[in-house]
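In what follows, a single structure is set out as C-alpha coordinates and then discussed.
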There are 2 protein chains.
Amino acid sequence: MALDLGPLDGHIGYLLRRAQLAVFADIMTGFASHGISPADYSVLTVIAGNPGAGQSQVAERLGIQKTNFVPQIRRMEERGLVARTPSPTDRRSMSLTLTPEGEVLLAELHRTAQAHVDRMRAHLGPEAYEALREPLMRLAAIGPG
Amino acid sequence: MALDLGPLDGHIGYLLRRAQLAVFADIMTGFASHGISPADYSVLTVIAGNPGAGQSQVAERLGIQKTNFVPQIRRMEERGLVARTPSPTDRRSMSLTLTPEGEVLLAELHRTAQAHVDRMRAHLGPEAYEALREPLMRLAAIGPG
DNA sequence: TATTGTTATACTCTATAACTATA
DNA sequence: TATAGTTATAGAGTATAACAATA
(Lines give C-alpha, C1' and ligand atoms only; values in the text may rest on other atoms or scores of the structure.)
Protein backbone atom coordinates (compact mmCIF):
# COMPACT_ATOMS: atom_id res chain seq x y z
CA MET A 1 0.00 0.00 0.00
CA ALA A 2 1.17 3.49 -0.80
CA LEU A 3 2.54 5.63 1.97
CA ASP A 4 0.36 8.31 3.54
CA LEU A 5 1.16 11.88 2.45
CA GLY A 6 -0.44 13.34 5.58
CA PRO A 7 -1.09 17.09 5.34
CA LEU A 8 1.10 17.26 2.22
CA ASP A 9 -1.74 16.68 -0.21
CA GLY A 10 -3.54 19.75 1.10
CA HIS A 11 -0.54 21.95 0.34
CA ILE A 12 -0.82 23.89 -2.88
CA GLY A 13 2.96 23.93 -3.31
CA TYR A 14 3.25 20.15 -3.27
CA LEU A 15 0.36 19.72 -5.69
CA LEU A 16 1.75 22.38 -8.02
CA ARG A 17 5.18 20.78 -8.07
CA ARG A 18 3.92 17.30 -8.85
CA ALA A 19 1.53 18.59 -11.51
CA GLN A 20 4.20 20.76 -13.12
CA LEU A 21 6.68 17.87 -13.29
CA ALA A 22 4.09 15.58 -14.88
CA VAL A 23 2.99 18.19 -17.43
CA PHE A 24 6.60 19.07 -18.31
CA ALA A 25 7.41 15.38 -18.74
CA ASP A 26 4.55 15.13 -21.24
CA ILE A 27 5.55 18.13 -23.33
CA MET A 28 9.23 17.20 -23.20
CA THR A 29 8.57 13.92 -24.96
CA GLY A 30 7.24 15.96 -27.87
CA PHE A 31 10.12 18.44 -27.84
CA ALA A 32 12.92 15.95 -27.25
CA SER A 33 13.35 14.96 -30.90
CA HIS A 34 13.98 18.62 -31.72
CA GLY A 35 16.57 19.08 -28.97
CA ILE A 36 14.44 21.80 -27.41
CA SER A 37 13.63 22.27 -23.71
CA PRO A 38 10.48 23.95 -22.39
CA ALA A 39 12.68 26.93 -21.48
CA ASP A 40 14.02 27.09 -25.06
CA TYR A 41 10.47 26.98 -26.38
CA SER A 42 9.41 29.86 -24.15
CA VAL A 43 12.37 31.94 -25.34
CA LEU A 44 11.66 31.31 -29.03
CA THR A 45 8.00 32.16 -28.48
CA VAL A 46 8.75 35.46 -26.76
CA ILE A 47 11.28 36.47 -29.42
CA ALA A 48 8.73 35.69 -32.15
CA GLY A 49 6.14 37.87 -30.43
CA ASN A 50 8.58 40.73 -29.79
CA PRO A 51 11.08 40.82 -32.64
CA GLY A 52 14.02 43.10 -31.94
CA ALA A 53 13.60 42.99 -28.18
CA GLY A 54 16.80 43.17 -26.15
CA GLN A 55 18.44 40.06 -24.75
CA SER A 56 17.99 41.03 -21.11
CA GLN A 57 14.40 42.11 -21.69
CA VAL A 58 13.53 38.65 -23.01
CA ALA A 59 15.32 36.96 -20.14
CA GLU A 60 13.64 39.15 -17.56
CA ARG A 61 10.17 38.56 -18.99
CA LEU A 62 10.65 34.82 -18.50
CA GLY A 63 12.22 35.02 -15.05
CA ILE A 64 15.64 33.96 -16.36
CA GLN A 65 18.67 35.77 -14.99
CA LYS A 66 20.58 37.56 -17.72
CA THR A 67 23.77 35.82 -16.62
CA ASN A 68 22.25 32.38 -17.07
CA PHE A 69 20.64 33.44 -20.32
CA VAL A 70 23.98 33.90 -22.10
CA PRO A 71 24.80 30.22 -22.77
CA GLN A 72 21.17 29.41 -23.55
CA ILE A 73 20.77 32.08 -26.22
CA ARG A 74 24.25 31.28 -27.56
CA ARG A 75 23.27 27.66 -28.17
CA MET A 76 20.22 28.79 -30.13
CA GLU A 77 22.28 31.28 -32.11
CA GLU A 78 24.84 28.60 -32.94
CA ARG A 79 22.01 26.33 -34.08
CA GLY A 80 20.92 29.08 -36.45
CA LEU A 81 17.53 29.59 -34.76
CA VAL A 82 18.11 33.09 -33.37
CA ALA A 83 19.93 36.15 -34.75
CA ARG A 84 21.64 38.54 -32.35
CA THR A 85 22.27 41.99 -33.87
CA PRO A 86 23.54 45.08 -32.08
CA SER A 87 20.72 47.55 -31.42
CA PRO A 88 21.00 50.67 -33.59
CA THR A 89 19.71 52.89 -30.78
CA ASP A 90 21.69 51.40 -27.85
CA ARG A 91 25.08 49.97 -28.60
CA ARG A 92 25.10 47.95 -25.37
CA SER A 93 22.00 45.99 -26.34
CA MET A 94 21.66 42.90 -28.54
CA SER A 95 18.40 42.75 -30.50
CA LEU A 96 16.98 39.25 -30.85
CA THR A 97 15.03 37.95 -33.83
CA LEU A 98 14.21 34.51 -35.16
CA THR A 99 15.97 33.35 -38.30
CA PRO A 100 13.82 31.82 -41.06
CA GLU A 101 15.00 28.44 -39.77
CA GLY A 102 13.93 29.47 -36.27
CA GLU A 103 10.48 30.45 -37.56
CA VAL A 104 10.05 27.09 -39.25
CA LEU A 105 11.08 25.19 -36.12
CA LEU A 106 8.86 27.30 -33.86
CA ALA A 107 5.84 26.62 -36.08
CA GLU A 108 6.49 22.91 -35.71
CA LEU A 109 6.98 23.30 -31.93
CA HIS A 110 3.68 25.17 -31.70
CA ARG A 111 1.93 22.25 -33.39
CA THR A 112 3.56 19.83 -30.94
CA ALA A 113 2.64 22.07 -28.00
CA GLN A 114 -0.94 22.35 -29.19
CA ALA A 115 -1.25 18.57 -29.36
CA HIS A 116 0.02 18.46 -25.79
CA VAL A 117 -2.47 21.13 -24.68
CA ASP A 118 -5.24 19.18 -26.36
CA ARG A 119 -4.24 16.08 -24.39
CA MET A 120 -4.26 18.03 -21.10
CA ARG A 121 -7.61 19.61 -21.95
CA ALA A 122 -9.10 16.22 -22.75
CA HIS A 123 -7.67 14.77 -19.55
CA LEU A 124 -9.20 17.47 -17.35
CA GLY A 125 -12.20 18.42 -19.42
CA PRO A 126 -12.24 21.76 -21.24
CA GLU A 127 -14.04 23.71 -18.50
CA ALA A 128 -11.67 22.54 -15.76
CA TYR A 129 -8.71 23.36 -17.99
CA GLU A 130 -9.88 26.90 -18.65
CA ALA A 131 -10.75 27.36 -15.00
CA LEU A 132 -7.11 26.77 -14.05
CA ARG A 133 -5.75 29.73 -15.96
CA GLU A 134 -6.85 32.59 -13.74
CA PRO A 135 -5.88 31.18 -10.32
CA LEU A 136 -2.51 30.05 -11.65
CA MET A 137 -1.82 33.53 -12.99
CA ARG A 138 -2.82 34.99 -9.64
CA LEU A 139 -0.46 32.64 -7.80
CA ALA A 140 2.38 33.44 -10.21
CA ALA A 141 1.92 37.11 -9.44
CA ILE A 142 2.60 36.73 -5.71
CA GLY A 143 6.28 37.49 -5.70
CA PRO A 144 7.03 40.34 -8.14
CA GLY A 145 3.59 41.86 -7.53
CA MET B 1 5.85 47.97 -21.64
CA ALA B 2 6.14 44.31 -20.86
CA LEU B 3 6.91 41.90 -23.66
CA ASP B 4 4.11 39.84 -25.20
CA LEU B 5 4.02 36.19 -24.12
CA GLY B 6 2.09 35.16 -27.21
CA PRO B 7 0.52 31.70 -26.98
CA LEU B 8 2.63 30.98 -23.91
CA ASP B 9 0.05 32.24 -21.43
CA GLY B 10 -2.44 29.71 -22.73
CA HIS B 11 -0.07 26.84 -22.00
CA ILE B 12 -0.77 25.01 -18.77
CA GLY B 13 2.87 24.03 -18.39
CA TYR B 14 4.09 27.62 -18.43
CA LEU B 15 1.43 28.75 -15.97
CA LEU B 16 2.14 25.83 -13.65
CA ARG B 17 5.87 26.53 -13.66
CA ARG B 18 5.52 30.21 -12.86
CA ALA B 19 2.91 29.54 -10.16
CA GLN B 20 4.99 26.79 -8.59
CA LEU B 21 8.10 28.97 -8.45
CA ALA B 22 6.18 31.83 -6.82
CA VAL B 23 4.51 29.57 -4.27
CA PHE B 24 7.79 27.82 -3.42
CA ALA B 25 9.50 31.19 -3.00
CA ASP B 26 6.83 32.13 -0.47
CA ILE B 27 7.07 28.96 1.60
CA MET B 28 10.87 28.96 1.43
CA THR B 29 11.06 32.30 3.18
CA GLY B 30 9.30 30.66 6.11
CA PHE B 31 11.47 27.53 6.06
CA ALA B 32 14.79 29.28 5.44
CA SER B 33 15.52 30.12 9.07
CA HIS B 34 15.22 26.40 9.90
CA GLY B 35 17.59 25.33 7.14
CA ILE B 36 14.83 23.23 5.59
CA SER B 37 13.89 22.97 1.91
CA PRO B 38 10.40 22.12 0.63
CA ALA B 39 11.79 18.69 -0.29
CA ASP B 40 13.09 18.20 3.27
CA TYR B 41 9.69 19.18 4.63
CA SER B 42 7.94 16.65 2.40
CA VAL B 43 10.31 13.92 3.57
CA LEU B 44 9.82 14.69 7.26
CA THR B 45 6.05 14.78 6.76
CA VAL B 46 5.95 11.39 5.04
CA ILE B 47 8.18 9.80 7.68
CA ALA B 48 5.94 11.20 10.43
CA GLY B 49 2.87 9.71 8.72
CA ASN B 50 4.51 6.36 8.09
CA PRO B 51 6.95 5.65 10.91
CA GLY B 52 9.23 2.72 10.19
CA ALA B 53 8.82 2.92 6.43
CA GLY B 54 11.86 1.95 4.37
CA GLN B 55 14.20 4.56 2.95
CA SER B 56 13.47 3.72 -0.69
CA GLN B 57 9.73 3.56 -0.04
CA VAL B 58 9.75 7.13 1.27
CA ALA B 59 11.87 8.33 -1.64
CA GLU B 60 9.66 6.61 -4.21
CA ARG B 61 6.46 8.05 -2.73
CA LEU B 62 7.85 11.55 -3.25
CA GLY B 63 9.27 10.96 -6.71
CA ILE B 64 12.86 11.12 -5.44
CA GLN B 65 15.34 8.64 -6.84
CA LYS B 66 16.79 6.41 -4.13
CA THR B 67 20.30 7.31 -5.26
CA ASN B 68 19.67 11.03 -4.80
CA PHE B 69 17.90 10.40 -1.53
CA VAL B 70 21.05 9.13 0.20
CA PRO B 71 22.74 12.49 0.86
CA GLN B 72 19.43 14.19 1.67
CA ILE B 73 18.43 11.70 4.36
CA ARG B 74 22.01 11.62 5.65
CA ARG B 75 21.96 15.37 6.27
CA MET B 76 18.74 15.04 8.26
CA GLU B 77 20.14 12.11 10.22
CA GLU B 78 23.30 14.09 11.02
CA ARG B 79 21.13 16.98 12.20
CA GLY B 80 19.42 14.59 14.57
CA LEU B 81 16.00 14.92 12.93
CA VAL B 82 15.67 11.39 11.55
CA ALA B 83 16.69 7.99 12.91
CA ARG B 84 17.74 5.23 10.51
CA THR B 85 17.51 1.77 12.04
CA PRO B 86 17.96 -1.56 10.25
CA SER B 87 14.61 -3.24 9.63
CA PRO B 88 14.13 -6.36 11.78
CA THR B 89 12.27 -8.16 8.98
CA ASP B 90 14.51 -7.21 6.05
CA ARG B 91 18.14 -6.69 6.76
CA ARG B 92 18.66 -4.75 3.52
CA SER B 93 16.18 -2.06 4.53
CA MET B 94 16.64 1.02 6.70
CA SER B 95 13.53 1.96 8.72
CA LEU B 96 13.03 5.70 9.06
CA THR B 97 11.49 7.46 12.04
CA LEU B 98 11.56 10.98 13.38
CA THR B 99 13.59 11.67 16.50
CA PRO B 100 11.91 13.69 19.28
CA GLU B 101 13.87 16.67 17.97
CA GLY B 102 12.54 15.95 14.48
CA GLU B 103 8.97 15.83 15.81
CA VAL B 104 9.42 19.20 17.49
CA LEU B 105 10.84 20.80 14.36
CA LEU B 106 8.15 19.29 12.13
CA ALA B 107 5.40 20.67 14.37
CA GLU B 108 6.95 24.11 13.97
CA LEU B 109 7.28 23.63 10.21
CA HIS B 110 3.63 22.61 10.01
CA ARG B 111 2.66 25.87 11.69
CA THR B 112 4.81 27.83 9.24
CA ALA B 113 3.34 25.90 6.30
CA GLN B 114 -0.19 26.50 7.55
CA ALA B 115 0.43 30.24 7.72
CA HIS B 116 1.66 30.03 4.13
CA VAL B 117 -1.42 28.07 3.05
CA ASP B 118 -3.61 30.64 4.77
CA ARG B 119 -1.89 33.39 2.76
CA MET B 120 -2.45 31.52 -0.50
CA ARG B 121 -6.07 30.82 0.39
CA ALA B 122 -6.65 34.47 1.20
CA HIS B 123 -4.95 35.52 -2.01
CA LEU B 124 -7.12 33.29 -4.21
CA GLY B 125 -10.24 33.13 -2.10
CA PRO B 126 -11.07 29.89 -0.26
CA GLU B 127 -13.33 28.45 -2.98
CA ALA B 128 -10.78 29.00 -5.75
CA TYR B 129 -8.10 27.47 -3.55
CA GLU B 130 -10.11 24.34 -2.87
CA ALA B 131 -11.10 24.11 -6.53
CA LEU B 132 -7.44 23.77 -7.51
CA ARG B 133 -6.84 20.55 -5.61
CA GLU B 134 -8.66 18.07 -7.81
CA PRO B 135 -7.42 19.20 -11.25
CA LEU B 136 -3.83 19.44 -9.96
CA MET B 137 -4.02 15.89 -8.63
CA ARG B 138 -5.38 14.74 -11.97
CA LEU B 139 -2.53 16.43 -13.82
CA ALA B 140 0.05 14.97 -11.45
CA ALA B 141 -1.32 11.50 -12.21
CA ILE B 142 -0.61 11.71 -15.94
CA GLY B 143 2.79 10.08 -16.02
CA PRO B 144 2.86 7.14 -13.58
CA GLY B 145 -0.86 6.48 -14.08
C1' DT C 1 17.10 -13.07 -10.14
C1' DA C 2 15.32 -8.96 -7.91
C1' DT C 3 15.64 -5.39 -4.36
C1' DT C 4 17.88 -2.08 -0.75
C1' DG C 5 21.09 1.00 -0.08
C1' DT C 6 25.41 2.87 -1.65
C1' DT C 7 29.31 5.29 -4.40
C1' DA C 8 30.89 7.77 -8.24
C1' DT C 9 29.90 10.73 -11.74
C1' DA C 10 27.94 13.97 -15.04
C1' DC C 11 24.75 17.23 -16.67
C1' DT C 12 21.44 20.85 -16.04
C1' DC C 13 19.63 24.77 -13.41
C1' DT C 14 20.24 28.48 -10.60
C1' DA C 15 22.78 32.07 -7.85
C1' DT C 16 26.61 35.64 -6.91
C1' DA C 17 30.56 38.53 -7.76
C1' DA C 18 33.09 41.11 -10.82
C1' DC C 19 34.19 42.99 -15.17
C1' DT C 20 33.52 45.98 -20.07
C1' DA C 21 31.36 49.07 -22.78
C1' DT C 22 28.11 51.89 -23.21
C1' DA C 23 24.20 55.15 -21.52
C1' DT D 1 25.76 56.34 -11.66
C1' DA D 2 23.08 52.90 -13.89
C1' DT D 3 22.34 49.38 -17.47
C1' DA D 4 23.42 45.47 -21.18
C1' DG D 5 25.98 41.83 -21.78
C1' DT D 6 29.73 38.86 -20.33
C1' DT D 7 32.90 35.62 -17.62
C1' DA D 8 33.92 32.67 -13.89
C1' DT D 9 32.33 29.98 -10.37
C1' DA D 10 29.71 27.54 -6.90
C1' DG D 11 25.69 25.20 -5.33
C1' DA D 12 21.48 22.74 -5.99
C1' DG D 13 18.81 19.18 -8.42
C1' DT D 14 18.59 15.25 -11.25
C1' DA D 15 20.23 11.28 -14.17
C1' DT D 16 22.84 6.74 -15.14
C1' DA D 17 26.06 2.90 -14.20
C1' DA D 18 27.85 -0.19 -11.14
C1' DC D 19 28.43 -2.47 -6.83
C1' DA D 20 27.67 -5.30 -2.01
C1' DA D 21 24.47 -7.35 0.90
C1' DT D 22 20.31 -9.54 1.25
C1' DA D 23 15.82 -11.39 -0.30
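Values reported hereafter were calculated over all heavy atoms of this structure, with side chains retained and with hydrogens, waters and symmetry mates removed. So you know, we letter chains A, B, ... as the sequences are listed, proteins then strands, and number each from 1.
- The 5' end of DNA chain D is approached more closely, in terms of each residue's nearest nucleotide, by M94(A) than by the other of M94(A) and N68(A).
- Taking the ring centroids of H123(B) and Y129(B), they lie at or beyond the 6.0 Å cut-off.
- Close to dT3(D), at under 4.0 Å from its OP1 or OP2, lies no side-chain N or O of S93(A).
- Here R92(A) does not reach the OP1 or OP2 of dC19(C): none of its side-chain N or O atoms lies under 4.0 Å away.
- Below the 3.5 angstrom threshold, one finds no donor paired with an acceptor across the side chain of D90(A) and the base of dA4(D).
- Contact check, Q55(A) against dT6(D): a side-chain N or O comes under 4.0 Å of OP1 or OP2.
- Contact annotation: side chain of T67(A) to base of dT7(D), donor-acceptor pair present below 3.5 Å.
- In this structure, the ring of H116(A) has its center no less than 6.0 angstrom from the ring center of F31(A).
- With hydrogens and angles ignored, no donor-acceptor pair under 3.5 angstrom links the side chain of R91(A) to the base of dT22(C).
- Taking for each of R74(B) and I64(A) the nucleotide of DNA chain C with the nearest heavy atom, the 5'-most of the two is the partner of R74(B).
- Close to dT14(D), at under 4.0 Å from its OP1 or OP2, lies no side-chain N or O of Q65(B).
- Ionic pairing of R79(B) and E101(B) is not present here: no N-O contact between side-chain nitrogen and carboxylate oxygen is shorter than 4.0 angstrom.
- For S56(B), counting side-chain heavy atoms from C-beta on, the closest listed nucleotide (dA4(D), dT4(C), dT7(D)) is dT4(C).
- In this structure the side chain of I47(A) never reaches within 4.5 angstrom of the side chain of M76(A), judged on heavy atoms.
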